[in-house]
Amino acid sequence: QVQLLESGGGSAQTGESLTLSCTVSGVSYMGNCMAWFRQQPGKEREGVAVIYVNNGATEYGDIDVGRFTITRDKSKLTGYLQMKSLKPEDTAVYYCAVQYDRNCPLRVALTWYRNWGQGTQVTVSA
């Protein structure tokens, strides 16, 4: 059974950086694609970024693209979301999701994704 474990969240000051990790277990490969979503307080979950595991193709949601970078290490079954120049509005719970038999659109019903992590809190103070 696929399990996802996010880590790397925590508290940061405005302008600092954090890198989130999402490690896949229970299977021998990462799947077709991995996506990161976030849910800001009082808002719906939104897509942040996706990476296609085999070719490394990436797509970003409606965010400051220059501040976020998604990568993956297939050998470690781990994906990363690097966040730079953090702002208070980046405060959210960040979730990763993977797909094995589908693609990873960022603007889709959340039920499209079958495998989610538990989320990791990121809090950015001014």
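The first residue of the sequence shown is numbered 1, and numbering continues consecutively from there.
- The two residues T19 and Q82 make their nearest non-hydrogen contact at OG1-CG, 3.7 Å.
- Within the model, atoms CE of M30 and CD1 of I51 stand 7.5 Å from one another, a figure rounded to the nearest 0.5 Å.
- With a 4.5 Å cut-off on side-chain heavy atoms, V93 and T120 do not count as touching.
- Under the 3.5 Å distance criterion, the side-chain polar atoms of T91 are matched with a main-chain donor or acceptor of V124.
- The two atoms that bring Y113 and A97 nearest to each other are CD2-CB, 3.5 Å, heavy atoms only.
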_Could you go through L20 and V122, starting from their C-alpha distance and side-chain angles, then the distance that decides it, and tell me whether this counts as side-chain contact (heavy atoms from CB on, under 4.5 Å)?_
CA-CA 9 Å; L20 307 182; V122 171; 4.0 Å; yes
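- Summarising the geometry, atom CG belonging to N32 is positioned 10.0 Å from atom OH belonging to Y100; distances are rounded to the nearest 0.5 Å.
- With values rounded to the nearest 0.5 angstrom, D90 atom CG is found 5.0 Å from R38 atom CZ.
- If you chain together hydrophobic residues whose side chains sit under 4.5 Å apart, Y60 and L18 fall into the same group.
- Side-chain atoms of L110 and W116, non-hydrogen and from C-beta on, do get closer than 4.5 Å to each other.
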*Might you work through the side-chain contact (heavy atoms from CB on, under 4.5 Å) test for V48 and L106, ending with a clear yes or no?*
CA-CA 7 Å; V48 176; L106 293 176; over 6 Å; no
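- No path of Ile, Leu, Val, Met, Phe, Trp and Tyr side chains, each step under 4.5 Å between heavy atoms, connects V50 with V24, placing them in separate hydrophobic clusters.
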*Worked verdict on R102 versus W112 for side-chain contact (heavy atoms from CB on, under 4.5 Å)*: CA-CA 9 Å; R102 295 178 171 185; W112 176 265; 3.5 Å; yes
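- A chain of hydrophobic side-chain contacts below 4.5 Å, direct or via other Ile, Leu, Val, Met, Phe, Trp or Tyr residues, connects M83 to I70.
- Judged purely by atom type and a 3.5 angstrom limit, E6 uses its side chain to pair as donor or acceptor with the backbone of C96.
- Tracing side-chain contacts under 4.5 Å through hydrophobic residues (I, L, V, M, F, W, Y), one reaches V2 starting from Y29; they form part of the same cluster.
- Of all the heavy atoms in R114 and D101, the pair that sits closest is NH1-OD2, 2.6 Å.
- Put simply, the side chain of N55 gets close to the backbone of A57: a donor and an acceptor are under 3.5 Å apart.
- Remark: R45 is positioned above the aromatic ring of Y95, its terminal NZ or CZ atom under 6.0 angstrom from the ring centre and at most 45 degrees off the axis.
- T78 and S21 share no side-chain donor-acceptor pair at under 3.5 Å.
- No side-chain donor-acceptor contact under 3.5 Å links E46 to the backbone of F37.
- Taking the six-membered ring for Trp, F68 and W36 have ring centres at least 6.0 Å apart.
- Residue D64 holds its CG atom at 4.0 Å from NZ of K87, rounded to the nearest 0.5 Å.
- Atom CD of E44 has 12 or fewer heavy atoms from other residues, nucleotides or ligands within 6.0 Å.
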*asked:* Test side-chain contact (heavy atoms from CB on, under 4.5 Å) on Y52 and N103; report intermediate values, then the result.
replied: CA-CA 8 Å; Y52 284 84; N103 60 351; 3.2 Å; yes
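- Side-chain N or O atoms of T14 include one that pairs as donor or acceptor with a backbone N or O of S125 at under 3.5 Å.
- Distance check: L77 CG to L5 CG gives 12.5 Å after rounding to the nearest 0.5 Å.
- Nearest heavy-atom pair, S17 versus K84, reported as atom, atom and distance to 0.1 Å: OG-CA, 3.6 Å.
- Distance check, rounded to the nearest 0.5 Å: SG of C104 to CD of Q99 gives 5.0 Å.
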